[in-house]
Amino acid sequence: MNLEQLPGEIEACTRCSLCQSRLRAVPGEGPMDAAVMLVGEAPGADEDRLGRPFVGRAGRILDRALDMASLERERIFITNVVKCRPPNNRRPLKGEMAACLPHLRAQMELLHPRVICLMGNVALGAVLGMQGVMSLHGQTIQDRYLVTVHPAAVVRNRRLMELFVSDLQEIKRMLRD
Ligand code: URA
C-alpha cells in the first residue's frame, strides 16, 4: 500500500456498516510531505457531501484557529479517526473505530508527520487509548502527539477558542525542536 492508493482504498471501503449510509467517504487531505497531521472524529453532513474533512461549521472554527496560530491549512494533512459519517452525527461506535483505525494507522505510517495533533477525546482514545482532553490538552505525548479539544467543542463553547489556539501554537514549537 502506498499513499497514492490509500484514498481509493478508503473510498471503496466496506469494513463497517457506515458504508451503507455514507454519501462519500472522507479519506483526508493535505500534502504528502506534511509535517503536521490533524486528527478529528468523523465526517459530518458537509464533509459527507463534499468528501473533504472539516468543511462545515467545525471546519470554519478550525480554519480561524489555524489562522490565529499562524499555521497554514494547505501545509497540514487533515483527517479523522472514522472516515465515513455516522448517522445523525452520533459518536462512532467502538466497532466502527476498530474497523477504520487501520486506515489512520496507514496514513500515519506512510506520511510519517513530525507532529500528530489529536483533536478531542475520540482521537485521543482511538490513537493513544487515553481519555481526558481537558486535563491533557497542550501536552506533548511521546514527543510526537499533541492533544487538544475538538473544534466542535469550540463551536459549542466559544470560550475554548483561546485554549484551542494556544494548543495549536504548540505545534510550531514542536516543529522547531
Ligand atoms: N468533525 C470531525 O471530527 N471531522 C470532520 O471532518 C468534520 C467535523
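Note that ligands are numbered from 1 as they come in the structure, with each ligand's atoms numbered from 1 the same way. Computed over heavy atoms, backbone and side chain alike; hydrogens, waters and symmetry mates excluded.
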### Message
Check this for me: N2, atom CG, are more than 12 non-hydrogen atoms of other residues, nucleotides or ligands nearer than 6.0 Å?
### Response
yes
#### Entry: P151, portion touching ligand 1 at heavy-atom distance under 4.0 Å
neither
### Message
To check your reading of the model: name the closest protein heavy atom to atom 4 (N) of ligand 1, its residue, and the distance in Å.
### Response
N80 OD1, 2.7 Å
### Task
Could you tell me which atoms of ligand 1, counted from 1 in the order shown, lie closer than 4.0 angstrom to a heavy atom of G40?
3 (O)
### Query
Does G56 reach ligand 1, in the sense of a heavy atom lying below 4.0 Å from it?
no
### Query
So which bit of H150 gets within less than 4.0 Å of ligand 1, heavy atoms only: side chain, backbone, both or neither?
side chain
### Minimum side-chain heavy-atom gap E170-V115 below 4.5 Å
no
### Task
Check the surroundings of atom CZ in R75: do more than 12 heavy atoms from other residues, nucleotides or ligands lie under 6.0 Å from it?
no
### Task
Indicate yes or no: does an N/O atom of A58 lie under 3.5 Å from an N/O atom of ligand 1?
no
#### Entry: Test item: P87 and L18 side chains (from C-beta on) under 4.5 Å apart, heavy atoms
yes
### Task
May I ask you to check whether A42 has an N/O atom sitting below 3.5 Å from an N/O atom of ligand 1?
yes
### Message
Test of understanding: given a 4.0 Å heavy-atom threshold, classify the contact between E41 and ligand 1 as side chain, backbone, both, or neither.
### Response
both
### Message
Going by the rule side chain to side chain donor-acceptor pair (under 3.5 Å), which residues pair with R91 if we only count those two or more places apart in sequence or in a different chain?
### Response
none
### Query
What residue pairs, at least two apart or across chains, pass salt bridge (charged side-chain N to carboxylate O under 4.0 Å, His left out) with a residue in residues 139-164?
R114-D143
